Amino acid sequence: MPEKTYDHNQIELKWHERWKDDALYKAEENSSKPKYYVLEMLPYPSGALHIGHIRNYSIGDALARYMWMRGYNVLHPMGWDAFGLPAENAAIANKTPPREWTLANIEKMKRTHRRFAFSYDWDREVTTCEPEYYRWNQWFFLRMLEKGLAYRKQALVNWCRECATVLANEQVVDGCCWRHPAAPVEQRALEQWFLRTTAYAEDLLRDIAQLEGAWPERVLTMQRNWIGRSEGAEVDFEIQGYGPVRVFTTRIDTIYGATCMILAPEHPVVASRLPADLQAQAKQMTDARASQSPAHAEEAEKEGFDTGLKAVNPFSGEIVPVWVGNFVLMGYGTGAIMAVPAHDERDFEFCRKYGIAIRPVVRPVDGELADASTMTESWGDYGMVENSGPYSGMKSEDARREMALRAQAGNFGKPAITYRLKDWGVSRQRYWGTPIPVIHCATDGVVPVPDEDLPVLLPKQIQITGKGRSPLDEVPEFVNVMCPKCGQPARRETDTMDTFVDSSWYFYRYCDSKNSTAPFDTKKIDYWFPIDQYIGGVEHAILHLIYSRFWTKVMRDIGLTRYDEPVRKLFTQGMVIRNGTKMSKSVGNVVPADEVADKFGADTARLFALFAAPPERDVDWIDAGVEGIYRFLGRVYRLATRNTGSAGGDGGADAAVLRKAHQTLKKVTDDFDSRWHFNTSIAAMMELVNQLYAEEPRISAAAMRQAIEILTFLLAPFAPYLAQELWEEQGHSGALIRETWPDFDADLARETEAEIPVQINGKIRTRITVPAGLDAVQLQAAALDDDKVTALLEGRTVVKVIAVPGKLLNVVVK
RNA sequence: GGCGGAAUGGCGGAACUGGCAGACGCACCAGACUCAAAAUCUGGCGAAGUUCACUCUUCGUGAGGGUUCGACCCCCUCUUCCGCCACCA
């Protein structure tokens with residue numbers, strides 16, 4: 001009888017068809033099983049499904065299947081990028097209305113996904129472009145508006161002339177548009193909607209403690225730095241003829257050393273008090289900074305000019321000049337600083353360049369105050385405060401506290417905390433995304449759309465104008481509305497929301513996707529949340545993963561959830577690299593998932609994605625390597641299909657083979673339960689198969705059947721189609737995934753003898769074979785009894801013997 | 001500049017807690033099967049030296065030092081690469 005060959009297409013399509021209308025492990029409501037919510041965010045916002053996506057799926061998918069077979073009630077929906085961002089990209093590329101494209105895309109996804117992971121059947125209706133989802137995005141927005149967490153203000157935004165749209169900060173790469181590397185991003189002042197993430201800065205920072213140990217330390221560090229808390233004080237300097245101008249400083253203890261005040265070029269004082277030529281100079285600085293590559297910001301020469309204005313130091317009463325400096329940022333603190341050149345590196349550089357006085361006021365605890373005339377650099381450490389009126393002789397730490405309290409008492413300042421984190425600009429002038437649900441009325445101002453009028457949907461027919469305004473502006477039936485308050489003609493807001501809004505709470509909606517009266521039912525959330533395991537690329541560390549934490553806290557505060565944090569454990573997987581660059585649609589180096597799946601099958605694609613490297617590490621995609629996995633699956637298939645009958649070998653190798661099988665089962669189980677180093681799990685399976693091939697004539701039919709059954713289980717999380725096929729070949733009819741993951745048999749897995757290397761002075765000289773399980777004394781005795789060892793020790797004095805049971809033996813001789 | 005990660009054969013990687021370096025796979029070489037090729041199966045495969053041969057010896061985990069009976073693993077110094085942040089007062 002000719003041997004069967006592994007035909008991945010036939011097998012995968014067969015089970016694809018059979019599983020079509022059977023959600024194999026759709027999560028069960030009200031299950032008594034322990035629950036497990038595993039979710040993936042896809043690695044790159046880069047368009048259609050590619051091999052990087054497969055890698056992401058493969059991890060979550062294998063884990064979900066494993067947990068399911070371990071008896072958990074598993075919820076494992078699909079990551080958000082697959083629906084959200086590809087629509088954006090395709091809409092840009094194809095210039096077609098996003099909604100239609102997205103729906104078509106979803107149809108396509110459903111087909112492809114079926115091949116990759118049948119678990120994605122869960123709630124396919126949940127998509128971020130669905131009208132119901134818009135409704136609840138808008139509902140959240142209105143709640144935030146009520147609580148003052150959403151607001152509108154004029155702000156400078158990144159603008160790409162080529163795209164004719166505003167860009168998020170993260171879409172600006174080296175000062176240029178991420179899609180147009182040659183097009184410098186411009187700054188434009190536009191009315192923008194913001195969400196007040198800064199209101200939760202303290203919360204976001206504090207609750208990082210809850211994530212400690214369960215999230216990668218790297219991600220937590222990035223979030224801490226991104227939030228960037230600094231403790232200090234605000235102080236008013238009275239500008240003569242203008243009024244008080246507030247500065248933020250972390251070193252109020254050095255205030256007696258402040259020899260000038262420096263304003264950001266965008267500071268309001270500049271526009272309201274300076275002559276036209278100086279305003280022009282300030283404008284130039286702003287422009288220069290806008291066009292300069294952020295990568296070189298620090299190397300930029302410090303520039304500035306004297307405004308001619310004078311300010312009063314509230315502590316010393318000293319009158320100091322007011323300057324404008326290009327290194328002072330309007331977006332941080334108050335946009336104005338007191339310059340203390342003696343104790344701040346940047347101030348030192350600036351003041352020395354422009355000949356502004358330098359005055360040290362802090363000395364090392366056991367040292368002298370520096371001499372201003374000989375200083376070559378600033379001294380930024382804490383020490384003893386000198387020449388500072390009543391504060392002289394205090395430690396810096398004490399002076400900081402005392403002076404901040406003094407400022408508060410005198411009503412010219414206060415202790416203050418500043419965050420680097422900025423409010424989240426959510427406005428987009430785009431033709432997709434959730435419309436922001438407000439109406440602009442000439443008499444009533446900004447009027448929220450009443451809840452009962454939600455959702456506000458995008459118009460179906462949109463002309464892409466490229467004119468630098470939202471295309472929605474050009475659609476009269478969308479824009480022209482009646483004011484809900486006064487009934488007079490009004491204009492609808494045409495900004496749409498950042499798609500990161502969608503991704504901020506989609507995982508809640510997955511738990512209750514058809515709810516039409518609320519974003520979700522809190523009781524259903526209670527069962528599933530927090531997410532047990534979230535898997536995704538590290539590039540989301542300070543974007544999506546901050547936004548979604550923020551959103552969860554807002555929902556908690558409006559009573560929708562009881563959780564501080566949405567995700568219990570986070571795993572960040574490595575990127576897929578090809579030809580030295582990370583795979584991305586914009587670079588055009590993607591390996592399309594469909595191609596790999598067509599040629600080798602989805603099982604092979606997934607297995608290889610996991611085999612190439614441990615999941616947390618970046619992996620270089622080499623096409624040739626896939627064939628090795630394909631060969632392996634073919635070997636498994638042939639071995640299993642030719643060993644289904646009762647004919648078998650003589651059984652001489654049964655014990656060894658069953659031992660190997662159970663050791664492999666233990667190894668794979670351990671990998672799932674701890675490290676997720678699936679590359680070694682798969683290698684172990686290969687070893688088992690290699691041994692089965694080598695010993696085939698000496699394995700009885702029963703032992704072979706047992707070994708192959710174990711192998712089938714081991715493959716189930718990684719290669720579900722093949723595993724199911726083998727399950728059927730073995731005479732079973734049901735779904736393998738519904739079987740229980742087997743326990744390994746410790747007795748069968750135990751080695752009977754061990755080969756122990758014998759070292760002399762740390763160098764391996766020989767090996768001895770001993771019964772397994774000898775303790776140190778027995779091992780030593782066995783070694784010294786060995787002929788070869790005795791020969792090697794001939795004529796030498798044994799100083800010491802180190803015996804490590806089961807590992808090795810080292811004889812130290814003279 | 002700050003923080004974090006990494007460096008092992010021709011390649012991806014393994015060695016889990018200080019105990020046999022190179023598992024497993026790719027590539028390559030040889031053999032079997034075949035008219036032939038593909039597929040498949042079997043064997044070899046870090047470097048240098050050595051033996052007719054079974055072998056054996058030395059070197060070897062980015063560089064240099066240290067700790068230890070023993071170091072890819074721990075400590076110190078350095079090099080290179082990658083990621084994120086970066087004039088944050």
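Below, chains carry the letters A, B, ... as their sequence lines are ordered, and counting in each starts from 1. None of the values given here were measured: they were computed from a predicted structure. Only this structure's heavy atoms are used, side chains among them; waters, hydrogens and symmetry mates stay out.
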Exercise. Go through the N and O atoms of the side chain of Lys807(A) and the base of C20(B), and report whether any donor-acceptor pair is under 3.5 Å.
Key: no
Quiz item: Do the ring centers of His8(A) and Tyr630(A) come within less than 6.0 Å of each other?
Solution: yes
Self-check item: Spatial distance of atom CG (Asp344(A)) from atom CZ (Arg346(A)) [nearest 0.5 Å]
Solution: 4.0 Å
Quiz item: Where the side chain of Lys302(A) is defined as all heavy atoms beyond and including C-beta, which of G19(B), C87(B), A27(B) is the nearest nucleotide?
Solution: C87(B)
Quiz prompt | Aromatic plane relationship, Phe327(A) with Phe350(A) - under 30° parallel, 30 to 60° tilted, over 60° perpendicular | solution = tilted
Quiz item: Are any of Arg224(A)'s side-chain N or O atoms less than 4.0 Å away from OP1 or OP2 of C85(B)?
Solution: no
Quiz item: Looking across every strand, which nucleic acid part, if any, lies under 4.0 Å from Arg229(A) by heavy atom: base, sugar-phosphate, or nothing?
Solution: nothing
Quiz item: So, is Arg638(A) close to the C41(B) phosphate, meaning a side-chain N or O under 4.0 Å from OP1 or OP2?
Solution: yes
Quiz item: Under 6.0 Å from the six-membered ring centre of Tyr693(A) and within 45° of its axis: does the NZ or CZ of Arg635(A) meet both?
Solution: yes
Self-check item: Distance, C1' atom - from A21(B) to A71(B), rounded to whole angstrom
Solution: 12 Å
Exercise. Look at all strands and tell whether Arg767(A) reaches a base, only sugar-phosphate, or nothing, counting heavy atoms closer than 4.0 Å.
Key: base
Self-check item: Distance between P atoms of C78(B) and G9(B) (Å, rounded)
Solution: 24 Å
Quiz item: Just wondering, do Phe248(A) and Val235(A) contact through their side chains at under 4.5 Å, heavy atoms?
Solution: no
Practice problem: Kindly say if Arg420(A) contacts the phosphate of A89(B), meaning a side-chain N or O under 4.0 Å from OP1 or OP2. | Solution: no
Quiz item: So what does Ile682(A) touch, heavy atoms closer than 4.0 Å: a base, only the sugar-phosphate, or nothing?
Solution: nothing
Quiz item: Between Arg229(A) and Glu231(A), is the closest basic N to carboxylate O distance under 4.0 Å?
Solution: yes
Quiz item: Quick one: on RNA chain B, does Lys667(A) or Leu809(A) contact a more 5' nucleotide (nearest heavy atom)?
Solution: Lys667(A)
Practice problem: Check the distance between A14(B)'s P and Asp670(A)'s CG and give it to me in whole angstrom. | Solution: 17 Å
Practice problem: Write down the distance separating the P atoms in A38(B) and C28(B), rounded off to the nearest Å. | Solution: 11 Å
Exercise. Report the distance from atom NE2 of His544(A) to atom P of C84(B), rounded to the nearest whole Å.
Key: 18 Å
Quiz prompt | Gap in Å between the two C1' atoms, one belonging to G62(B) and one to C82(B), rounded | solution = 15 Å
Quiz item: Quantified in whole Å, what is the P atom distance between nucleotide G66(B) and nucleotide A53(B)?
Solution: 40 Å
Quiz prompt | Contact under 4.0 Å: Ser230(A) side-chain N or O vs A89(B) OP1/OP2 | solution = yes
Exercise. Please tell me which of the listed nucleotides, C69(B), C24(B), A21(B), lies nearest to the side chain of Glu687(A)?
Key: C24(B)
Exercise. May I have the distance from Trp226(A) (atom CH2) to C84(B) (atom C1'), rounded to whole angstrom?
Key: 10 Å
Self-check item: Nearest-neighbour nucleotide for the Tyr332(A) side chain, G19(B), C88(B), C3(B) considered
Solution: C88(B)
Self-check item: Ile802(A) side-chain proximity, nearest of C41(B), A89(B), G19(B)
Solution: G19(B)
Quiz item: Taking atom P in both A14(B) and C35(B), what distance in whole Å separates the two?
Solution: 44 Å
Quiz item: Considering only the C1' atoms, how many Å lie between C33(B) and A39(B), rounded to the nearest integer?
Solution: 11 Å
Self-check item: Minimum-distance nucleotide to Phe611(A) side chain [options: A89(B), C3(B), C24(B)]
Solution: C24(B)
Exercise. Taking the side chain as every heavy atom from C-beta outward, state whether Ile768(A) and Glu755(A) have any atom pair closer than 4.5 Å.
Key: no
Practice problem: With the side chain of Tyr693(A) defined as its heavy atoms from C-beta on, choose the nearest nucleotide among C84(B), G19(B), U42(B). | Solution: U42(B)
Self-check item: Arg642(A) side chain reached by Lys4(A) side chain, heavy atoms, under 4.5 Å
Solution: no
Quiz item: Under 4.5 Å between any side-chain heavy atoms of Val811(A) and Gln759(A), yes or no?
Solution: no
Quiz prompt | Rounded interatomic separation in angstrom, taking CG from Asp671(A) and P from A15(B) | solution = 9 Å
Practice problem: Indicate, with a heavy-atom threshold strictly under 4.0 Å, whether Val801(A) touches base, sugar-phosphate, or nothing. | Solution: nothing
Quiz item: Which one, A27(B), A21(B), A89(B), comes nearest to the side chain of Glu627(A)?
Solution: A27(B)
Quiz item: What's the base orientation of G31(B): syn (chi within 90° of 0) or anti?
Solution: anti
Quiz item: When we call it a touch if two heavy atoms are under 4.0 Å apart, what does Asn690(A) touch: a base, just sugar-phosphate, or nothing?
Solution: sugar-phosphate
Self-check item: Euclidean distance, atom CZ of residue Phe718(A) to atom P of C24(B) [Å, nearest integer]
Solution: 18 Å
Self-check item: Below 4.0 Å: OP1/OP2 of C26(B) and any side-chain N or O of Arg631(A)
Solution: yes
Self-check item: RNA chain B stem ranges, 3 or more consecutive Watson-Crick or G-U pairs under 3.5 angstrom
Solution: B:1-7 with B:79-85, B:10-12 with B:24-26, B:28-32 with B:40-44, B:46-49 with B:56-59, B:62-66 with B:74-78
Quiz item: C20(B), G13(B), G19(B): which one has an atom nearest the side-chain heavy atoms of Ala613(A)?
Solution: G13(B)
Exercise. Start with the C-alpha gap between Asn225(A) and Arg420(A), add the side-chain angles, then the distance that decides, and say whether side chain to side chain donor-acceptor pair (under 3.5 Å) holds.
Key: CA-CA 8 Å; Asn225(A) 294 341; Arg420(A) 212 195 68 103; over 6 Å; no
Exercise. Using a 4.0 Å heavy-atom cut-off across all strands, classify Glu217(A) as base, sugar-phosphate, or nothing.
Key: nothing
Quiz item: Is Lys302(A) paired with Glu345(A) through a side-chain N to carboxylate O contact shorter than 4.0 Å?
Solution: no
Quiz item: Any side-chain N or O of Arg617(A) less than 4.0 Å from the OP1 or OP2 oxygen of G5(B)?
Solution: no
Practice problem: Would you mind telling me which residue lines up with the more 5' stretch of RNA chain B, Gln759(A) or Arg675(A), judged by nearest nucleotide? | Solution: Arg675(A)
Practice problem: Measure from the side chain of Asn810(A), starting at C-beta and using heavy atoms only, and say which of A89(B), C84(B), G19(B) lies closest. | Solution: G19(B)
Quiz item: If we take the P atom in both G70(B) and C20(B), what is their distance in whole Å?
Solution: 15 Å
Quiz item: Looking at the side chain of Lys763(A), which of C59(B), C88(B), G13(B) is the nearest nucleotide?
Solution: C59(B)
